[in-house]
Amino acid sequence: MHADLLLTNISQLATPRAIPQRGTSQGELAVVRDAALAVRGQQVCWAGPRSDWPGEAEREIDLGGRAVVPGLIDPHTHAVWAGDRLADFEARVKGESYEAILARGGGIRSTVRATADASIEELVTLARPRLQSLVRSGATTVEIKSGYGLSIEAELRMLRAIRELQREVTAWLVPTLLIHVPPTEGRGAYLREVREELIPLVAREQLAVALDVFVEREAFSVREAEELLDCAVRHGLRGKLHADQFHPLGGTEMAAARRALSVDHLEASGDEQLAALAASDTVATLLPGVTLHLGLAAGRARALLEAGAIVALGTDLNPGSSPLFSAQLALALGVRLCGMTPAEALVAMTANAAYALDLHDRGVLAAGRRADFLVLESGNWRDITYTLGGNPVSEVWIGGRRAG
């Protein structure tokens, strides 16, 4: 066997065993001690005990006894926006609810106004350092949603900004069209415009791979989301849903029945919603940054896993409910706030997050998978779930190349 690169003297190489892992198997992690990792092109061509390496490599790097894990995959961000939500933050600290702020024109609507006024170039300039922060924290694949547009033109600007960022950011970026909140007037006309113009155009120009809809009392109904998801599927886009953030309205059950890629948030989910997810292949994506920032109950990871669901974690990086610029911190919060074990959390933000984005070539360090991996500062893989405030990631490798 011939490799371009062989990384040796890896104290622990920790990786999920499959894509995805569900239920109690989500806590199963393969940990190889005194390991080596071989790369050919952009892929892993071999991984295992260093003494078992069967070939030769053009170049060899001694990692000095540090640990290696797969690159983190952030399956839920809103990294492209303009303006800020600092006034909203202060209002919440003083006791005003997120929903009350939204109802009076703040929250998402204030970001919509600022984003609608920004050019593609301005959006790219604002988003670039946010994505660089995610990469430094270990994110090698990042999903980015639109959703702050509220018009065809503004949504397209956001998606085209994501396309520009794909050309210059080292991480693999996955674009999603998000239908976030309805206009204050002309709701029916807006929804028709989305179905008849926006979704077909986005699909035709390949500006997104999936459609996401926010189901909530101040956003869209289950019936409206159902019509939008059905339209998206007809045009070749996969479906996703924001659901059960504040109220369980039936969106989770609908999305699971339609084989949506994921349902995200789930802070308010009850037993019926968890059972629907457990009976499906739809990923339950939990967002502990929202729990930390808004003080909401955390997604019920233990109940989901015990029921047999596929659980992922994401940052939900956004200006209002989760200004979380670190994938590693989201991972650590998944342990503290959602009650996951370190192994469950790592699987959640690697193999299962890949599955939530319909990506099957990453998230596991095995032959034939993308060579997206992290070299940690220490020799114990658990440090990536343990550290708070610092960065336990020493090196980020994307497609077989060291980032930065």
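Throughout, numbering of the chain's residues begins at 1 and tracks the sequence. This is a predicted model, so every value here is computed, not measured.
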A.B. asks: So H242 and H180, would you call those rings parallel, tilted or perpendicular, with 30° and 60° as cut-offs?
C.D. replies: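 Correct class here is tilted.
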A.B. asks: With D212 as reference, evaluate K145, R238, K240 under the salt bridge (Lys or Arg N to Asp or Glu O under 4.0 Å) test and give the passing residue.
C.D. replies: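 Option passing the salt bridge (Lys or Arg N to Asp or Glu O under 4.0 Å) with D212: K145.
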A.B. asks: Ignoring hydrogens and geometry, is there a side-chain-to-backbone donor-acceptor pair from N318 to D316 under 3.5 Å?
C.D. replies: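 Yes; at least one donor-acceptor contact below 3.5 Å.
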A.B. asks: Under 3.5 Å, is there a donor-acceptor pair between the S262 and D264 side chains?
C.D. replies: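 The criterion, which ignores hydrogens and geometry beyond distance, is satisfied for D264 and S262.
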A.B. asks: Any sub-3.5 Å donor-acceptor pair from T387's side-chain atoms to I384's backbone N or O?
C.D. replies: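 Side chain of T387 to backbone of I384, a donor-acceptor pair under 3.5 Å: no, none is there.
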A.B. asks: May I ask you to say whether R160 pairs ionically with E205, meaning some side-chain N is under 4.0 Å from a carboxylate O?
C.D. replies: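 A salt bridge links R160 with E205.
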A.B. asks: Would you give the length of the straight line joining atom CG of L159 to atom CD of E164, rounded to the nearest 0.5 angstrom?
C.D. replies: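 Taking CG in L159 and CD in E164, the distance rounds to 12.5 Å.
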A.B. asks: Would you call E227-R223 a salt bridge at under 4.0 Å N-O?
C.D. replies: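 A salt bridge is present here (some side-chain N lies under 4.0 Å from a carboxylate O).
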A.B. asks: Using a strict 4.0 Å threshold on nitrogen-to-oxygen distance, state whether E344 and R302 make a salt bridge.
C.D. replies: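 So E344 pairs with R302 through a salt bridge.
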A.B. asks: With distance as the sole test, does R130 use its side chain to make a donor-acceptor pair with the main-chain N or O of W81 at under 3.5 Å?
C.D. replies: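 Yes.
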A.B. asks: Test the R40-W46 pair against the cation-pi criterion, namely NZ or CZ under 6.0 angstrom from the six-membered ring centroid and within 45° of the ring axis.
C.D. replies: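 Not satisfied by the 6.0 Å and 45° rule.
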A.B. asks: Taking the basic N atoms (NZ, or NE/NH1/NH2) and the acidic carboxylate oxygens, is any pair closer than 4.0 Å for R92 and E90?
C.D. replies: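 No, no charged N to carboxylate O under 4.0 Å.
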A.B. asks: Does the side chain of R113 pick up a donor-acceptor pair with the side chain of S110 at under 3.5 Å?
C.D. replies: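 No, no side-chain donor-acceptor contact under 3.5 Å.
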A.B. asks: Taking the inter-plane angle between the rings of Y190 and F220 on a 0 to 90° scale, is it parallel (under 30°), tilted (30 to 60°) or perpendicular (over 60°)?
C.D. replies: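 If you compare the ring of Y190 with that of F220, the planes turn out parallel.
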A.B. asks: Going by atom types alone, do D62 and T8 pair a side-chain donor with an acceptor below 3.5 Å?
C.D. replies: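 No pair is found: no donor N or O on one side chain lies under 3.5 Å from an acceptor on the other.
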A.B. asks: Please evaluate residues R66 and S394 with respect to the criterion side-chain hydrogen bond (donor to acceptor under 3.5 Å, both in side chains), reporting the C-alpha separation (whole Å), side-chain torsions for both, the decisive distance (0.1 Å), and the verdict.
C.D. replies: CA-CA 9 Å; R66 291 177 291 172; S394 174; 2.7 Å; yes
A.B. asks: For Q26 and A348, which heavy atoms make the closest approach, and how far apart are they?
C.D. replies: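 Scanning both residues, the minimum pair turns out to be NE2-CB, 3.5 Å.
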A.B. asks: How about E216 and H247: does a side-chain donor come under 3.5 Å of a side-chain acceptor?
C.D. replies: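 Yes - a donor-acceptor pair under 3.5 Å links their side chains.
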A.B. asks: Any donor and acceptor pair, going by atom type alone, linking the side chain of Q21 with main-chain N or O of R17 inside 3.5 Å?
C.D. replies: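 Looks like yes, one N/O pair under 3.5 Å.
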A.B. asks: Is a side-chain donor or acceptor of E143 paired with a backbone partner of L173 at a separation under 3.5 angstrom?
C.D. replies: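 Here the side-chain-to-backbone pair does not exist.
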A.B. asks: Does a side chain donor of either R157 or S119 reach within less than 3.5 Å of an acceptor in the other side chain?
C.D. replies: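 Absent: no donor and acceptor within the cut-off.
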A.B. asks: State yes or no: are the ring centers of W397 and F373 separated by less than 6.0 Å?
C.D. replies: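 Under 6.0 Å, so yes.
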A.B. asks: Taking the side chain from D372 and the backbone from G399, do they hold a donor-acceptor pair closer than 3.5 Å?
C.D. replies: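 Checking the backbone N and O of G399 against the side chain of D372, a donor-acceptor pair under 3.5 Å is found.
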A.B. asks: Any ion pair linking R300 and E267 (charged N to carboxylate O, less than 4.0 Å)?
C.D. replies: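 A salt bridge is absent here (no side-chain N lies under 4.0 Å from a carboxylate O).
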A.B. asks: Within the 3.5 Å criterion, strictly below it, is a donor on E253 or Q273 matched to an acceptor on the partner's side chain?
C.D. replies: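 Present: a donor and an acceptor within the cut-off.
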A.B. asks: Evaluate side-chain contact (heavy atoms from CB on, under 4.5 Å) for I179 paired with F214, printing each intermediate quantity in order.
C.D. replies: CA-CA 7 Å; I179 308 304; F214 186 21; over 6 Å; no
